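Below is one structure, written out as C-alpha cells; the observations come after it.
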Amino acid sequence: MSKTLIVILGPTGVGKTDISINIAKHFNTVISSSDSRQVYREMSIGTAVPEKEQLEAVQHHFIHTHSIHDYFSSWECEQQTLELLSNLYKEKDEVLLVGGSMMYIDAICNGIDEIPTIDPELRDQTFKRYEKEGLEAMQMELKQLDPVFYNQVDLKNAKRVIHAVEVCLMTGKAYSELRTNSRKKRDFKIVKIGLNRDRSELYERINHRVDVMMEEGLEKEAKALFKYREYNSLNTVGYKELFEYFAGEIDLEKAVELIKRNSRRYAKRQLSWFRRDAEIEWFHPDQEEEVIHYIENRITKEA
RNA sequence: GGUACCAUAGCUCAGUUGGUAGAGCAAUGGACUGAAAAUCCAUGUGUCCCUGGUUCGAUUCCAGGUGGUACCA
C-alpha cells in the first residue's frame with residue numbers, strides 16, 4: 001500500500017486550520033505542522049496556533065515542540081518530519097502536512113542539500129565582521145572563497161552573502177559545490193492543496209485576526225519575551241513590532257498597524273512563492289468536499 | 001436658506017503663472033537551498049467631482065450644478 005503526504009498550504013490567515021482538521025478526521029489521521037513559528041512553545045497568540053479543542057480533536061505534531069532557545073531550521077524540520085512520517089506510515093496510509101512556511105514545506109517535499117550547521121561562534125564572528133566592515137567587504141570575501149556563487153547570489157542581500165561565506169569557512173569548500181540543485185526522492189506520494197481567497201477578503205481576515213490577538217493578550221505574551229528580542233525566532237510578525245513599542249520607539253496604535261501590514265506582506269510573499277509551484281491544486285477554504293474528493297481521486301488513481 | 005472655503009492616486013495632501021500631474025503612507029509584481037513570519041529587488045496605479053463658457057489648448061480661469069466642511073440664520 002502506498003503512502004501519501006497530503007500538504008495543505010496557503011497564506012497566513014486564509015483558514016488552513018479548520019479545513020485541515022476536518023480533512024484529518026475524514027482520513028482518520030494526524031497533522032504534522034510545517035510552521036516555522038508555531039513550533040516554539042513560548043509563542044501562541046501571535047502565531048495563531050490552533051485552539052485547545054482543535055489540538056485535542058486531531059493529534060498535531062511540531063506545534064509547541066521546541067523552544068525559542070533551541071536551534072531549529074529547515075534542515076531540522078526536514079530531518080525530524082521525515083523521521084516522524086516513517087513512524088506514522090507504519091499505522092497510517094495518509095498524513096497531513098499543514099502550514100505556510102514555504103521553505104519548510106519544500107525541505108520536506110523536495111529536500112535540501114546537506115550542508116553542515118554553522119558553528120554558533122563562527123556565525124557570530126562572521127556577523128560581527130559584517131557589521132564592522134560592511135556588506136562590500138563580505139562580497140569581496142565571497143568572491144575570493146566562491147567566485148561561482150558570487151556570480152549567482154543576490155549581492156545586495158546581506159543574509160545570503162554572509163551565509164555563503166559562513167559555509168565556505170565552515171566546510172573549507174565552496175558553497176556552490178555543496179549545492180546540488182537536485183530533488184530528493186521520497187518514498188511517499190505528495191498531494192499539494194493550496195488554499196486561497198480574494199485578496200481583499202484575505203486582508204480583512206488578517207486585519208481582524210490581529211485585533212483579536214490583541215484582545216486575547218498578545219501584548220502580555222510579547223512583553224514576557226521582550227528580553228529575548230534579539231533571538232531570530234522572535235524576529236516574527238506580531239512580536240517584533242510590539243518590541244519596538246516596548247522600547248518606546250513607536251506607540252501601540254502604530255505597532256498594531258504594523259503587525260497588520262507586515263502580516264499582509266508576508267501573505268503576499270507566501271503567494272509569490274507558492275504561485276510558481278505547478279504541483280499545487282488550488283481551492284477556496286470553503287470547498288472542503290471538493291478538496292477531499294480531489295485527494296481521494298489522486299490517491300486511488302495513482303495507487 | 002445665506003456666506004465662505006474645499007473637491008487631484010486606495011488614504012492624507014502637494015502642484016500645474018493654462019500645454020493632461022507627484023510626495024508620504026497604503027498597494028502590486030518578483031527572487032529565495034540550514035536565521036525563511038527572515039532577507040532582498042523592482043513598480044505610480046489617476047474621467048485632476050460634473051456640465052457648459054473663454055481659449056489653438058482647461059485639471060488649472062469663469063459660470064452653473066453636485067457633494068463636503070465651517071460660520072451665520
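Remember, predicted model here, so these are calculated numbers, not experimental data. Chain letters run A, B, ... following the sequence lines, proteins first and then strands; every chain starts at 1.
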Inset, instruction - Would you tell me if any nitrogen or oxygen in the side chain of Arg37(A) comes within less than 4.0 Å of OP1 or OP2 on rA36(B)? - result: yes

Inset, instruction - For the residue pair Tyr294(A) and Glu290(A), confirm or rule out a side-chain donor-acceptor distance under 3.5 Å. - result: no

Legend entry - Under the ring-ring contact (aromatic ring centres under 6.0 Å, His included) test, residues paired with His64(A) that sit two or more places apart: none

Inset, instruction - Identify the residue among Glu83(A), Glu91(A), Lys90(A) that makes a side-chain hydrogen bond (donor to acceptor under 3.5 Å, both in side chains) with Asn87(A). - result: Lys90(A)

Inset, instruction - Pick the C1' atom in rU59(B) and in rG19(B), then give their distance to the nearest Å. - result: 12 Å

Inset, instruction - Classify the nucleic acid contact of Thr12(A) as base, sugar-phosphate or nothing, counting any heavy atom under 4.0 Å across all strands shown. - result: nothing

Legend entry - rU33(B) phosphate, OP1 or OP2, under 4.0 Å from Asn181(A) side-chain N/O: no

Legend entry - rU3(B) and rU60(B), which share atom name P, separated by this distance in whole Å: 23 Å

Inset, instruction - Return each pair, listed once, that meets side chain to side chain donor-acceptor pair (under 3.5 Å) where at least one residue sits in residues 240-256 of chain A; pairs must be two or more places apart or across chains. - result: Glu241(A)-Asn262(A)

Inset, instruction - Can you run down the side chain to side chain donor-acceptor pair (under 3.5 Å) pairs that involve residues 161-174 of chain A, sequence neighbours left out, and say none if there aren't any? - result: Arg123(A)-Glu166(A)

Inset, instruction - Would you mind classifying the nucleic acid contact of Asp106(A) as base, sugar-phosphate or nothing, using non-hydrogen atoms under 4.0 angstrom? - result: nothing

Inset, instruction - Scan residues 127-145 of chain A for pairs that pass salt bridge (Lys or Arg N to Asp or Glu O under 4.0 Å), counting only residues two or more places apart or in two chains. - result: Asp124(A)-Lys128(A), Arg129(A)-Glu133(A), Arg129(A)-Glu141(A)

Inset, instruction - Using a heavy-atom cut-off of under 4.0 Å over every strand shown, decide if Tyr71(A) touches base, sugar-phosphate, or nothing. - result: sugar-phosphate

Legend entry - Test ring-ring contact (aromatic ring centres under 6.0 Å, His included) applied to Phe243(A) - qualifying residues, sequence neighbours left out: Phe226(A)

Legend entry - Phosphate-side-chain proximity, Ser272(A) and rA31(B), N/O vs OP1/OP2 below 4.0 Å: yes

Inset, instruction - State which of rA36(B), rA35(B), rC40(B) makes the closest approach to the side chain of Tyr104(A). - result: rA36(B)

Inset, instruction - Assign Tyr175(A) to base, sugar-phosphate, or nothing according to its heavy-atom contacts below 4.0 angstrom with the strands shown. - result: sugar-phosphate

Inset, instruction - Scan Arg275(A) against the nucleic acid and name what it touches under 4.0 Å (heavy atoms): base, sugar-phosphate only, or nothing. - result: sugar-phosphate

Inset, instruction - Decide whether Ile259(A) and Val212(A) are clustered together by the hydrophobic rule: side chain heavy atoms of Ile, Leu, Val, Met, Phe, Trp, Tyr closer than 4.5 Å, transitively. - result: no

Inset, instruction - If the glycosidic angle is within 90 degrees of 0 it's syn, otherwise anti, so just tell me which one rG10(B) is. - result: anti

Inset, instruction - Name the pairing partner of rA9(B), where a pair is Watson-Crick or G-U wobble with both distances under 3.5 Å, or state none. - result: none

Inset, instruction - Any ring-ring contact (aromatic ring centres under 6.0 Å, His included) involving residues 35-54 of chain A? Give me the pairs, sequence neighbours left out, ordered by first then second residue. - result: none

Inset, instruction - Sticking with atom C1', work out how far rU45(B) lies from rG52(B), rounded to a whole angstrom. - result: 31 Å

Inset, instruction - Answer yes if Leu97(A) and Ile63(A) sit in the same cluster of Ile, Leu, Val, Met, Phe, Trp and Tyr residues linked by side chain heavy atoms under 4.5 Å apart, and no otherwise. - result: no

Legend entry - Spacing of the C1' atoms in rC62(B) and rG2(B) (rounded, Å): 22 Å

Inset, instruction - Using a heavy-atom cut-off of under 4.0 Å over every strand shown, decide if Ser233(A) touches base, sugar-phosphate, or nothing. - result: nothing

Inset, instruction - Compute whether any side-chain donor of one residue and acceptor of the other, for Ser263(A) and Arg209(A), lie under 3.5 angstrom apart. - result: no

Inset, instruction - Residues of residues 245-270 of chain A with any non-hydrogen atom less than 4.0 angstrom from an atom of RNA chain B: list those, numerically ordered, please. - result: Arg261(A), Arg264(A), Arg265(A), Tyr266(A), Lys268(A), Arg269(A)

Legend entry - salt bridge (charged side-chain N to carboxylate O under 4.0 Å, His left out) partners for Glu53(A), two or more places apart: none

Inset, instruction - May I ask you to say what Gln79(A) touches in the nucleic acid, namely base, sugar-phosphate or nothing, with a heavy-atom cut-off under 4.0 Å? - result: nothing

Inset, instruction - Using both distances under 3.5 Å as the test, list the Watson-Crick or G-U wobble partner of rA31(B), or none. - result: rU39(B)

Legend entry - Residue Asp113(A), side-chain heavy atoms: nucleotide from rU33(B), rA36(B), rU39(B) that is nearest: rU33(B)

Inset, instruction - Using the C1' atoms only, state how far rA9(B) lies from rA26(B), rounded to an integer number of Å. - result: 11 Å

Inset, instruction - Looking at every strand, decide which applies to Tyr231(A) at a 4.0 Å heavy-atom threshold: base, sugar-phosphate, or nothing. - result: nothing

Where do N or O atoms of nucleotides 9-11 of chain B meet protein N or O atoms at under 3.5 Å, pair by pair?
none

Legend entry - Watson-Crick or G-U wobble mate for rG1(B), both contacts under 3.5 Å: rC72(B)

Legend entry - ring-ring contact (aromatic ring centres under 6.0 Å, His included): pairs with one or both residues in residues 110-155 of chain A, sequence neighbours excluded: Phe127(A)-Tyr130(A), Phe149(A)-Tyr175(A)

Inset, instruction - Determine: side-chain N/O of Arg179(A) to OP1/OP2 of rU33(B), distance under 4.0 Å, yes or no. - result: yes

Inset, instruction - Using a heavy-atom cut-off of under 4.0 Å over every strand shown, decide if Gly238(A) touches base, sugar-phosphate, or nothing. - result: nothing

What pairs of donor and acceptor atoms, side-chain ones from residues 213-222 of chain A against any protein atom, are under 3.5 angstrom apart with sequence neighbours left out?
| unit_1 | atom_1 | unit_2 | atom_2 | d |
| --- | --- | --- | --- | --- |
| Glu221(A) | OE1 | Ser44(A) | N | 3.4 |
| Glu221(A) | OE1 | Ile45(A) | N | 3.0 |
| Glu221(A) | OE2 | Ser44(A) | N | 3.0 |
| Glu221(A) | OE2 | Ile45(A) | N | 3.1 |
| Glu221(A) | OE2 | Tyr239(A) | OH | 2.4 |

Legend entry - Nearest-Å distance for atom pair CD/C1', residues Glu177(A) and rU33(B): 16 Å

Inset, instruction - Tell me which of Thr47(A) and Lys156(A) sits closer to the 5' end of RNA chain B, going by the nucleotide each one is nearest to. - result: Thr47(A)

Legend entry - Gap in Å between the two C1' atoms, one belonging to rG18(B) and one to rG24(B), rounded: 28 Å

Legend entry - Residues touching RNA chain B, which here means a heavy atom under 4.0 Å, drawn from residues 198-218 of chain A: Arg199(A), Tyr203(A)

Legend entry - Distance between P atoms of rC11(B) and rU28(B) (Å, rounded): 16 Å

Inset, instruction - Select base, sugar-phosphate, or nothing to describe what Asn110(A) touches, counting heavy atoms under 4.0 Å on all strands. - result: nothing

